[in-house]
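Please read all numbers here as calculations on a predicted model, not as lab measurements. Quick note: numbers below take in every heavy atom, side chains included, and nothing from hydrogens, waters or symmetry partners.
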Amino acid sequence: MRYLPNGTQMSQADSFTIKVTGIPSLVLMERAALKTVEMMHMHGIDTSRALVVCGSGNNGGDGFAIARLLTEEGRNARILFAGREDSLSEECRIQKKIAGNLGISIITEIPAEEYTVIIDAVFGVGLSREISGKYAEIIAWMNEQNCSKVAVDIPSGVSSATGKILGVAFRADLTVAMACVKAGCEMYPGRYCAGETVAVPIGIDPEFFAPDENVCITYDRHDIPKLLPERKADSHKGSYGKVLMVTGSSGMAGAAYLSAKAAYAVGAGLVQIYTAQENRAILQQLLPEAVISCYQEYDEDKLARLLDWADVVCIGCGLGTGETSERILRSTLNKVSVPCIIDADGLNLLARETDLLEKMHTPVILTPHMKEMSRLTGYSVNELTDRRLEILRGFTEKYPAVCVLKDSRTFVKERGRHPFFNLAGNSAMAKAGAGDVLAGVITGLAAQGMQAYESAALGVYLHACGGDEAKEAKGSYSVLARDLIAGIEKCMEKKE
């Protein structure tokens with residue numbers, strides 16, 4: 001697990017390191033410069049003719065130090081000072097003076113020469129206004145140059161909190177991030193500008209962020225074995241949970257199949273599908289491991305018995321939004337006493353009666369995509385895109401639920417917990433049925449006793465890693481939802 005702070009959070013960590021830990025700001029700056037140069041060499045970047053573009057703040061100070069280090073190595077390094085003398089931070093002023101004393105060329109106008117690499121040290125993580133005027137002109141020129149491009153900490157013009165482009169942004173091939181990659185470098189459209197991101201240690205301890213629930217976290221592949229529920233030698237199918245899938249209206253057997261099979265694939269012990277009568281025959285053929293129970297109309301007593309039987313319930317995949325489906329959802333949410341995952345049509349129905357959520361006293365996981373979240377909250381998709389973390393936090397403060405907000409970058413949030421920010425996955429997963437698979441994965445993990453937030457976060461990550469495995473096997477265009485399950489199985493097999 002690692003942290004993805006925004007600029008404000010990173011500034012707090014920086015201040016703590018200087019004032020409490022006692023590492024001077026200039027020492028942090030020197031380490032940042034050393035690590036940036038080291039990373040450029042490790043990535044095979046030609047630094048023989050380097051232009052470092054520096055602003056007036058501490059990010060610019062990093063840049064001046066980088067130019068000095070490259071010069072000491074015998075490289076031809078020049079500095080384009082894009083800032084203002086009267087705005088220089090104390091540390092940047094010192095670094096600029098040292099560079100000048102060493103005879104390093106410092107220019108203030110866009111040069112005509114060509115370079116092997118341009119290093120962006122104009123703005124750091126604190127930028128919040130749109131870039132315009134001379135700064136915009138310089139960044140546009142930097143982007144036009146035919147050479148390698150490296151950003152120090154974050155590409156200038158990318159919001160560290162939202163990934164929004166603030167007027168114009170530097171387009172890096174490599175971003176060398178101090179201590180932690182910033183959240184904005186992983187959110188679109190900022191992700192397009194960051195290139196490859198690499199975090200380097202400079203003396204700031206990332207564990208500073210542990211108490212702050214507003215700091216995003218993410219997983220890497222090596223985290224999976226530590227997060228998966230334990231499989232004990234002395235166990236049976238009942239040890240790994242009884243799943244009730246309330247899913248699949250008439251003609252929607254595929255949603256029932258995909259969600260149920262995914263739950264089995266991640267380790268659930270027994271899955272029972274409650275579905276429309278018309279789906280029985282095909283589901284018995286597709287997934288003989290599942291128990292099939294059916295309805296033709298709303299049957300309150302039968303549903304109640306099934307809910308009493310289950311250790312975890314998933315409702316909504318292909319459920320439909322008709323009267324029978326609505327009655328099934330309302331009865332399920334009123335009576336369920338075990339963890340409940342609500343997906344797809346379940347969310348569309350829930351949007352009509354969100355007060356049902358407030359009355360629930362059992363762990364609840366919601367898995368909306370952006371349009372479904374729009375229906376649940378009343379915010380437009382554009383508002384959600386611009387303010388997703390803010391809106392997600394507000395929603396989970398209001399409702400006692402874990403919310404999985406699905407998008408190209410999916411977030412998982414529960415009140416009092418760090419937002420989980422998924423970085424795995426790819427565009428090959430943008431296919432019908434992928435959401436049903438995710439609901440099944442989360443449900444299967446919850447059936448094995450994982451807590452709601454943990455099963456949601458790991459479920460999202462496993463689903464995305466399965467998508468990466470599927471893309472590797474079949475390419476970007478031909479992946480189907482069922483291939484995600486095969487990818488998940490392969491991913492989990494690798495971790496044993």
Would you give the length of the straight line joining atom [atom1] of [X] to atom [atom2] of [Y], rounded to the nearest 0.5 angstrom?
{"X": "S128", "Y": "L166", "atom1": "OG", "atom2": "CG", "result": "7.5 Å"}
{"X": "L347", "Y": "C403", "atom1": "CG", "atom2": "SG", "result": "8.5 Å"}
{"X": "L258", "Y": "M245", "atom1": "CG", "atom2": "CE", "result": "10.5 Å"}
{"X": "Q448", "Y": "S239", "atom1": "CD", "atom2": "OG", "result": "10.5 Å"}
{"X": "L405", "Y": "N422", "atom1": "CG", "atom2": "CG", "result": "12.0 Å"}
{"X": "I391", "Y": "L384", "atom1": "CD1", "atom2": "CG", "result": "4.5 Å"}

Who are the salt bridge (charged side-chain N to carboxylate O under 4.0 Å, His left out) partners of [X], not counting sequence neighbours?
{"X": "D220", "result": "R2"}
{"X": "R388", "result": "D407"}
{"X": "K226", "result": "D223"}
{"X": "E130", "result": "none"}

Please check this pair: side chain of [X] against backbone of [Y], looking for a donor-acceptor N/O pair closer than 3.5 Å.
{"X": "H463", "Y": "G459", "value": "no"}
{"X": "K302", "Y": "C294", "value": "yes"}
{"X": "D120", "Y": "S156", "value": "yes"}
{"X": "S249", "Y": "G318", "value": "yes"}
{"X": "S259", "Y": "V437", "value": "no"}
{"X": "Y453", "Y": "H418", "value": "yes"}
{"X": "D345", "Y": "E326", "value": "no"}
{"X": "D311", "Y": "G241", "value": "no"}
{"X": "S374", "Y": "M370", "value": "no"}
{"X": "S250", "Y": "A276", "value": "no"}

For residues [X] and [Y], determine if any side-chain heavy atom of one lies less than 4.5 Å from a side-chain heavy atom of the other.
{"X": "C216", "Y": "L389", "answer": "yes"}
{"X": "T354", "Y": "L376", "answer": "yes"}
{"X": "Y274", "Y": "T247", "answer": "no"}
{"X": "L4", "Y": "I217", "answer": "no"}
{"X": "V313", "Y": "L306", "answer": "no"}
{"X": "C491", "Y": "R221", "answer": "yes"}
{"X": "L329", "Y": "I315", "answer": "yes"}

Considering residues, nucleotides and ligands other than [X], do more than 12 of their heavy atoms fall under 6.0 Å from its [atom1]?
{"X": "K398", "atom1": "NZ", "value": "no"}
{"X": "I282", "atom1": "CD1", "value": "no"}
{"X": "Q451", "atom1": "CD", "value": "no"}
{"X": "K335", "atom1": "NZ", "value": "yes"}
{"X": "Y188", "atom1": "OH", "value": "yes"}
{"X": "R482", "atom1": "CZ", "value": "no"}
{"X": "E297", "atom1": "CD", "value": "no"}
{"X": "K406", "atom1": "NZ", "value": "yes"}

Taking atom types as modelled, is there a side-chain donor on [X] or [Y] under 3.5 Å from an acceptor on the other?
{"X": "S11", "Y": "T8", "result": "no"}
{"X": "S331", "Y": "E300", "result": "no"}
{"X": "N348", "Y": "T321", "result": "no"}

Would you check, one step at a time, whether the test side chain to side chain donor-acceptor pair (under 3.5 Å) holds for N6 with S160?
CA-CA 5 Å; N6 62 32; S160 65; 5.4 Å; no
Salt bridge between R417 and E397, side-chain N to carboxylate O under 4.0 Å?
no
Closer than 4.0 angstrom, basic N to acidic O: yes or no for D301 and R305?
no
Could you tell me which residues satisfy side-chain contact (heavy atoms from CB on, under 4.5 Å) with [X], sequence neighbours excluded, listed by chain and number?
{"X": "S380", "answer": "N382, E383"}
{"X": "N58", "answer": "S25, M29, S89, E91"}
{"X": "S325", "answer": "L319, L349"}
{"X": "D483", "answer": "A470, K474, V479, L480"}

Those residues at least two apart in sequence (or on a different chain) that pass ring-ring contact (aromatic ring centres under 6.0 Å, His included) with F395 are Y399
Quick test of your reading: applying salt bridge (Lys or Arg N to Asp or Glu O under 4.0 Å), list the pairs with at least one residue in residues 166-192, sequence neighbours left out, ordered by first then second residue.
D153-K182, E186-R191, E186-R409
Enumerate the salt bridge (Lys or Arg N to Asp or Glu O under 4.0 Å) contacts for residues 198-216, please, sequence neighbours excluded, ordered by first and then second residue.
E213-K413
On the 0 to 90° scale, with breaks at 30° and 60°, tag the Y3-F209 ring pair as parallel, tilted or perpendicular.
tilted
Below 30° counts as parallel, above 60° as perpendicular, anything between as tilted: where do the rings of Y219 and F420 land?
tilted
Working note: E353 + R327, criterion salt bridge (Lys or Arg N to Asp or Glu O under 4.0 Å); need CA distance, chi angles, decisive distance, verdict.
CA-CA 12 Å; E353 298 182 72; R327 295 178 73 183; over 6 Å; no
Can you name the nearest heavy-atom pair linking I365 to S455, along with the distance?
CD1-OG, 3.6 Å
Taking only residues at least two apart or on different chains, which pairs with a member in residues 277-289 satisfy side-chain hydrogen bond (donor to acceptor under 3.5 Å, both in side chains)?
T275-N279
Stepwise, does the side chain to side chain donor-acceptor pair (under 3.5 Å) test hold for E196 with T175?
CA-CA 6 Å; E196 181 180 352; T175 296; over 6 Å; no
